[in-house]
Amino acid sequence: QGPDMPLSRLRKAIEESCPHLASSVHIRLKLMAEGELKDMEQFFDDLSDSFTGTEPEVHKTSVVGLFLRHMILAYNKLSFSQVYKLYTALQQYFQNDEEKNGIDESDMELTNTEELEGKMEKEELDVPLREEEISCSGPLSQKQAEYFLSQQASLLKNDETKALIPASLQKELNNLLKFNPDFAEAHYLSYLNSLRVQDVFSSTHSLLHYFDRLILTGAESKSNGDEGYGRSLRYAALNLAALHCRFGHYQQAELALQEAIRIAQESNDHVCLQHCLSWLYILEQKIFDSCVLLEHSVNKSLHFGLPYLASLGIQSLVQQRAFAGKAANKLMDALKDSDLLHWKHSLSELIDISIAQKTAIWRLYGRSTMALQQAQTLLSMNSLEAVNVGVQQNNTESFAVVLCHLAELHAEQGYFAAASEILKHLKERFPPNSQHAQLWMLFDQKIQFERAMNDGRYHIADSLVAGITALNSIEGVYRKAIVLKAQNQMSEAHKLLQKLLIHCQKIKNTEMVISVLLSIAELYWRSSCHTIALPVLLQALALSREYSLQYLASETVLNLAFSQVCLICVFTGLKYLSFNMAIEPVLAHGAVLDKGCAMFLVAKCQVASAASYTPQKRIEALESAILNLNEAKTYFAKVDCKEQLRDVLYFQARLFHTLGKTQERNKCAMLFRQLHQELPAHGVPLINAFK
């Protein structure tokens, strides 16, 4: 099926399966190559005799028999000049191997045998088999070319790392097109290859050439009658719209899509129209939310028997309604219905997408335990799902999304070594030049940023902002404001957060709006303007509850409790913590840093409320606060958050002093001094921030 492999490799392959046959093959080839043309003719005559007799050596209908008959027929159809050309090619093929063996023998005379064996083993390891088998210098047959194209296309879809690198693949495609410029499928693979490296010019050029050749060769007309020509035109316009949409050229995409719709309507092609409707929704949602188009698309797709398109529509509808704040149970019911559709029609790729979607939804709602469960489900399923080319189908976008969430979940819990291992695995699975590499790049930068901020290395965090901004501008601006806030550049941070708030409200990014509001409230605390922070926090709480973002709602409640404590409304703060049950979701699903902050806040409330207690109850309350501070200290130490550790030690030292425990006080004071010298306070009052 593939191109001709070198004779030495062919002999090695035969020896591995049938050792005694390898020498016979070599002797026969040598006889033909060093003899005359009649020796090759005799070989084909002998093949014909294999089918004769009462007990033939080969049965005509067997796999080998069919192959031999096919080869004999092909040889008999050759003209004399073609036979001579075949014979000279055979001689050259054999001589190339002999020359290579001669060089090896001369090297062997000058080199120790053991060293040579080690060298050969190293060479075999260094050069992958697929590179040798795929690369070719001459023209391929139609079947060989088709096999090469189908193999590479399948690898690009399922396991991009096992496909040829973009430059090598393009070189092979150019070689194919040099001998057959009208080979439409080669142009399409060139289009896919250009998409890997985000080359908009080459991908557009190859896509247009593909449809041009498809029309010129009449391939579509043969299978679709008179409709073939029009079908190629409308799907060319549709693919061009998808290409422009991928690169963010929405105006050009809309023009191409209108052209595809017009041609499809003229031809009464309902299938093409449904695909156009799906892309129309994608373009329209860039401007405004339009559930009506999507619902219509799903209903029509089911009506025309297009389960793949219908399922993708359901997935998009669920995603849109998740951002709109619909209840999680209703979204999961919708995904369950789409899963039934996947299993019914064996749409394994969409099963993966559905599980990745569930993982992202649980993360959005702040249920990290459920997200972890869904991620593990997908990883287990992919280990059982094999594809035709012998690779595991674990290099798709769904797999990348789930692994990225898994890395972030581990980092949030302080397991940075495990997160690094997952990211290392992602880098191997999705090299920087692959199409899904941007996913792990963003998560990697975010994890590094959080670690630098926890460690108080703000200059390193600031250097990471540029990389995050290049991958996601909103995340980058938000983290720039966090760095400015940590460096006490309050006015610059406030200006940046206000601009970001307006932009996120405009594009309806509710999750980021709430995060920005919480950061603005923290700026007001640091400026001792707690009364101004309250309306901001109440706005964030209203949004988080409206959009069912439970974890963000819990975090906002904790911030409100802290504001009440700072305003000497201790009982109101405790009421927020107890009646709103804000602590439980944070301890169950929150990051380690948030757990530490929550326990630190509980201790502050206990100390503040102890002032009105009787002496005995006051001592009990302070001792309980010390226990909570120990728990907070454990959480902060796990993520190496030195600033928060310093504040906890300061608070503990004060409490031990109040209780008269001198030894414990001195120990906390010593540890505090060490951290305080390492991380100066920059003039900010201690214990004046929730996070």
Side-chain angles (χ1 to χ4, degrees), residues 453 456 458 461-462 477-505 510-546 549 552-577 580 582 586 593-594 596-598 600-609 611 632 641 643-644 646-648 650-651 654 679-691:
M453 289 297 296
Y458 303 134
D462 196 22
V477 172
Y478 176 65
R479 276 162 175 74
K480 179 64 177 177
I482 289 175
V483 173
L484 290 172
K485 179 179 66 179
Q487 293 173 339
N488 296 311
Q489 300 181 36
M490 302 301 178
S491 56
E492 291 85 350
H494 187 264
K495 289 176 185 176
L496 206 57
L497 287 170
Q498 287 291 348
K499 289 179 181 178
L500 183 59
L501 180 64
I502 294 167
H503 176 69
C504 291
Q505 287 172 338
T510 311
E511 189 179 11
M512 184 55 74
V513 166
I514 296 168
S515 299
V516 170
L517 287 172
L518 293 177
S519 295
I520 291 172
E522 188 175 347
L523 287 177
Y524 291 140
W525 298 334
R526 293 195 173 216
S527 304
S528 300
C529 302
H530 298 283
T531 51
I532 303 175
L534 284 175
V536 177
L537 289 171
L538 290 171
Q539 184 185 353
L541 183 62
L543 280 172
S544 56
R545 286 180 173 170
E546 181 185 351
L549 303 175
L552 283 173
S554 300
E555 195 173 336
T556 308
V557 169
L558 292 176
N559 283 296
L560 277 167
F562 176 73
S563 293
Q564 297 293 339
V565 171
C566 292
L567 289 169
I568 322 299
C569 300
V570 180
F571 293 105
T572 310
L574 286 169
K575 179 182 174 184
Y576 269 114
L577 291 177
N580 286 281
V586 173
L593 181 61
D594 292 339
C597 292
F600 194 11
L601 179 59
V602 171
K604 289 176 187 177
C605 290
Q606 287 175 328
V607 172
S609 61
C641 190
E643 282 204 357
Q644 296 284 7
R646 180 186 61 182
D647 291 350
V648 170
Y650 171 80
F651 208 58
R654 293 288 300 270
L679 295 169
H682 299 299
V684 179
L686 290 167
I687 324 299
N688 195 31
F690 169 57
K691 288 181 75 174

**Study point:** Step-by-step side-chain contact (heavy atoms from CB on, under 4.5 Å) determination, Lys480 to Asp462
**Key:** CA-CA 7 Å; Lys480 179 64 177 177; Asp462 196 22; 2.9 Å; yes

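- Residue pairs satisfying the salt bridge (charged side-chain N to carboxylate O under 4.0 Å, His left out) criterion with at least one member in residues 483-502, sequence neighbours excluded, are listed as follows: Lys485-Glu522.
- The stretch residues 531-544 participates, sequence neighbours left out, in no salt bridge (charged side-chain N to carboxylate O under 4.0 Å, His left out) pair at all.
- Qualifying side-chain hydrogen bond (donor to acceptor under 3.5 Å, both in side chains) partners for Gln489, counting only residues two or more places apart in sequence or in other chains: Gln487.
- Ala598 approaches Leu558 most closely through the heavy-atom pair CB-CD1, 4.0 Å.
- Nearest heavy-atom pair across Trp525 and Ala533 is NE1-CB, 3.6 Å.
- In this structure, the separation between CG on Leu518 and CG on Leu497 is 11.0 Å, given to the nearest 0.5 Å.
- Taking each heavy atom of Leu541 and Ala553 in turn, the nearest pair found is CD1-O, 3.8 Å.
- In this structure Ala461 satisfies the side chain to side chain contact (heavy atoms under 4.5 Å, CB included) test together with Phe449, Ala452, Met453, Val483, sequence neighbours excluded.
- We find the CD-CG distance between Gln539 and Leu534 to be 13.0 Å, quoted to the nearest 0.5 Å.
- Smallest separation of non-hydrogen atoms from Asp594 and Val586: O-CG1, 3.7 Å.
- Listed by chain and residue number, nothing satisfies the side-chain hydrogen bond (donor to acceptor under 3.5 Å, both in side chains) test with Ser515 (two or more places apart in sequence, or in another chain).
- With rounding to the nearest 0.5 Å, the separation of CG in Asn559 from CG in Leu552 is 10.5 Å.
- Residues Glu555 and Leu549 have side chains not in contact (no heavy-atom distance under 4.5 Å, counting atoms from C-beta outward).
- Within the model, atoms OG of Ser544 and CD1 of Ile514 stand 5.0 Å from one another, a figure rounded to the nearest 0.5 Å.
- The minimum heavy-atom distance between Ala493 and Ala481, with the atom names listed, is CB-O, 3.7 Å.
- No side-chain donor from either of Arg646 and Tyr650 sits under 3.5 Å from a side-chain acceptor of the other.
- Applying the ring pair (Phe, Tyr, Trp, His ring centres under 6.0 Å) test to Tyr524 and every residue at least two apart in sequence or in another chain returns His494.
- The CG atom of Asn488 sits 9.5 Å away from atom OG of Ser527, with the distance rounded to the nearest 0.5 Å.
- Across every non-hydrogen atom of Leu537 and Thr556, the tightest pair is O-CG2, 3.3 Å.
- Put simply, the side chain of Glu643 does not reach to within 4.5 Å of the side chain of Asp647, judged on heavy atoms.
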